[in-house]
Amino acid sequence: GVIWIGPPPRAIGAMGDKIAARRTVEASGVPLIPGSGELPADPEAACGQAAAIGYPVLIKAAFGGGGKGMRLCANDEELRAAVEMARQEAGRAFGNATIYLERAISHPRHVEIQILADQHGQVIHLGERECSIQRRHQKLLEETPTPAPFAGLRDRMGRAAVAIACEIGYTNAGTVEFLVDPEGGFYFLEVNTRLQVEHPITEAVTGIDIVRRQLRIALGERLDIRQEQVEWRGHAIECRINAEDPARGFLPSTGWIRSVRLPAGAGARNDVGFQTGTEVTPHYDPLIGKLIIWGEDREQAIDRALRAIREYRIVGIQTNLPFHSWLLGHPRFRAGATDTAFLEEEFRPEEILGREEETAAILAAALAEYRGDLLIRRESARPSSAESAWKRAGRPGPGWGNR
């Protein structure tokens with residue numbers, strides 16, 4: 001009597017093996033990045049396949065995701081050195097060491113399409129999400145719509161996503177991911193056969209509750225909205241709040257959260273998995289919360305997100321809030337000129353360290369001013385003496401250096 005809320009097992013299986021998924025998608029006519037089948041154990045055979053595809057190439061885990069088992073190789077020497085390491089990492093992470101090759105696209109955007117499909121053959125898409133702001137293939141910020149300047153991209157990618165869903169008999173919620181090259185061409189990447197972390201920004205711009213539709217689809221109901229009824233309004237951004245220290249290479253941060261202040265205001269939504277007193281351990285993903293921001297346009301959404309990030313307080317552990325503050329204020333990000341190489345090219349940890357030191361200096365100066373003012377008030381309240389209270393206030397008091 002238990003009902004599975006999600007796509008059928010055959011669809012999960014078809015997309016869980018990325019090599020098999022490439023063959024399935026090829027049948028639907030959607031563009032594919034040139035790639036290989038399963039790589040043999042012999043590194044020289046891998047070099048032969050890479051030569052046919054064209055360098056640079058990516059080694060990828062057939063049953064994985066999130067960048068685990070992935071290696072970028074520019075030539076035969078790098079490929080020979082990386083094949084076995086990638087194979088071992090894939091085996092440890094996913095229980096299957098199968099790897100394959102794909103040609104590496106230079107400076108692509110990572111753009112995905114949200115789909116909904118009922119059990120009666122109706123499939124619709126809810127538009128795109130840009131996920132190009134990544135570190136080691138892990139997404140840090142998502143937005144919709146994409147700032148990519150390519151006319152008709154949503155419609156073209158949406159139709160491709162629907163075609164793939166129909167090809168594999170997909171039902172329920174899912175995401176079809178693509179890479180978009182600098183000329184506006186797009187290529188199938190993978191299907192995430194589940195609801196994704198970033199789904200709230202699609203809900204924000206469409207007004208469609210995706211989780212509610214998941215439940216109704218699982219109950220056998222028909223979708224209550226047709227493709228032509230889907231409308232998009234405004235711009236939405238999601239900042240992933242991670243327990244990581246961006247000033248030190250995004251090292252994980254663990255410990256007890258001693259104090260929390262969540263941002264509020266127009267267009268702000270907080271999805272969090274913590275509160276004051278929560279212990280952050282090393283045993284789980286560093287994602288502890290999501291900040292979702294909606295604005296009437298992209299500029300307003302960025303400004304609202306920046307204000308919210310500056311209001312956000314988590315005391316006791318390090319988080320990537322300073323990184324988001326840096327990113328949202330970066331001229332290239334604000335111009336929408338982003339791709340998956342953005343962080344590698346633009347981010348320098350010392351910039352955040354510099355801001356932290358500046359903030360500490362400002363706080364120290366403010367505290368000193370406050371204490372000095374208190375001392376002046378105390379001295380002024382005492383009976384008059386030969387020495388000026390103002391002069392005495394300028395001197396450090398007892399125990400000053402220990403406070």
Side-chain angles (χ1 to χ4, degrees), residues 4-6 64-68 93 112 114 129 131 133-144 172-175 177 192-205 208-215 218 236-294 301 304-328 343 352:
W4 166 248
I5 303 170
K68 292 183 175 65
E112 60 193 24
Q114 175 72 57
R129 296 187 289 258
C131 312
I133 302 300
Q134 303 177 8
R135 182 191 65 84
R136 298 175 188 164
H137 309 288
Q138 296 287 331
K139 302 169 186 174
L140 295 174
L141 179 143
E142 298 94 352
E143 61 179 312
T144 183
N172 218 270
T175 306
E177 302 200 7
N192 275 296
T193 54
R194 56 178 171 78
L195 192 69
Q196 285 193 280
V197 170
E198 54 268 32
H199 77 274
I201 58 174
T202 297
E203 294 180 330
V205 298
I208 295 173
D209 187 331
I210 299 173
V211 176
R212 181 168 177 244
R213 265 63 179 194
Q214 279 194 294
L215 298 173
I237 294 172
E238 179 179 291
C239 299
R240 298 193 185 198
I241 311 304
N242 293 343
E244 298 174 327
D245 187 351
R248 294 169 178 81
F250 292 90
L251 285 174
S253 178
T254 60
W256 294 91
I257 295 177
R258 298 199 301 270
S259 177
V260 173
R261 185 180 76 187
L262 298 178
R269 164 180 164 181
N270 294 288
D271 288 3
V272 298
F274 64 89
Q275 58 186 357
T276 299
T278 296
E279 182 185 10
V280 177
T281 75
H283 306 300
Y284 304 98
D285 188 276
L287 177 70
I288 59 174
K290 304 183 295 184
L291 172 65
I292 300 97
I293 297 291
W294 180 88
R304 284 179 170 180
L306 190 54
R307 172 195 54 78
I309 287 293
R310 289 171 176 170
E311 289 180 6
Y312 220 125
R313 292 290 183 273
I314 302 175
V315 178
I317 61 170
Q318 296 294 324
T319 71
N320 63 346
L321 288 169
F323 163 79
H324 283 299
S325 181
W326 168 86
L327 174 65
L328 292 163
L343 260 63
I352 287 180

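FYI, the numbering just counts along the sequence from 1.
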Subject >> Verdict with supporting geometry, V197 and K290, side-chain contact (heavy atoms from CB on, under 4.5 Å) >> reply: CA-CA 8 Å; V197 170; K290 304 183 295 184; 3.3 Å; yes
**OP:** List the steps and the verdict of side-chain contact (heavy atoms from CB on, under 4.5 Å) for E112 and Q196.
**Re:** CA-CA 11 Å; E112 60 193 24; Q196 285 193 280; 3.4 Å; yes
Original post:
Should E142 and Q134 be marked as a side-chain hydrogen bond (donor to acceptor under 3.5 Å, both in side chains) after you check the CA-CA gap, both sets of side-chain angles, and the distance that decides it?
Top reply: CA-CA 9 Å; E142 298 94 352; Q134 303 177 8; over 6 Å; no
**OP:** Begin with the C-alpha distance, continue with both residues' side-chain angles, and end with the deciding distance and a verdict on side-chain contact (heavy atoms from CB on, under 4.5 Å) for E198 and E143.
**Re:** CA-CA 9 Å; E198 54 268 32; E143 61 179 312; over 6 Å; no
**OP:** List the steps, then state whether side-chain contact (heavy atoms from CB on, under 4.5 Å) holds for L141 with E238.
**Re:** CA-CA 6 Å; L141 179 143; E238 179 179 291; over 6 Å; no
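A 4.5 Å side-chain heavy-atom check between I5 and L215 finds at least one atom pair inside the cut-off. No side-chain heavy atom of F323 sits under 4.5 Å from any side-chain heavy atom of I309. Looking only at side-chain heavy atoms (C-beta outward), K139 and I133 stay at 4.5 Å or farther from each other. A heavy-atom distance below 4.5 Å is not found between the side chains of N270 and I292. Using a 4.5 Å heavy-atom threshold, the side chains of I288 and V272 count as separate. I201 has its side chain out of reach of W294: every pair of non-hydrogen atoms, C-beta onward, lies at least 4.5 Å apart.
Pairing each heavy atom of R240 with each of H324, the nearest pair is O-NE2, 2.8 Å. Closest of all the heavy-atom pairs between A218 and N172 is N-ND2, 4.0 Å. In terms of heavy-atom proximity, L328 sits nearest to C239 at CD1-SG, 4.4 Å. Closest approach of A247 and I352 over heavy atoms only: CB-CG2, 4.0 Å. Between L291 and A308, the closest heavy-atom pair is CD2-CB, 3.8 Å. Here the closest heavy-atom approach between residue L287 and residue N242 is recorded as CA-OD1, 3.2 Å.
Remark: the backbone N or O of T281 is not paired with any side-chain donor or acceptor of T254 at under 3.5 angstrom.
Note that CG of D209 and CD of Q214 are 9.5 Å apart. Values are rounded to the nearest 0.5 Å. To the nearest 0.5 angstrom, I241 atom CD1 is 6.5 Å from I314 atom CD1. Note that OG of S325 and CZ of R307 are 13.0 Å apart. Values are rounded to the nearest 0.5 Å.
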Name the atoms and distances for all side-chain donor-acceptor pairs under 3.5 Å in residues 255-269, with sequence neighbours left out.
unit_1	atom_1	unit_2	atom_2	d
R261	NE	E311	O	3.0
R261	NH2	E311	O	2.9
R269	NE	D271	OD1	3.1
R269	NH1	E203	OE1	3.4
R269	NH2	D271	OD2	3.0

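Neither side chain, E244 nor Q138, offers a donor N or O lying under 3.5 Å from an acceptor on the other. Using modelled atom types and a 3.5 Å distance limit, the side chains of R129 and T175 yield a donor-acceptor pair.
In terms of the salt bridge (Lys or Arg N to Asp or Glu O under 4.0 Å) criterion, E279 has no residue partners (sequence neighbours excluded).
R136 CZ: 12 or fewer foreign heavy atoms inside a 6.0 Å radius.
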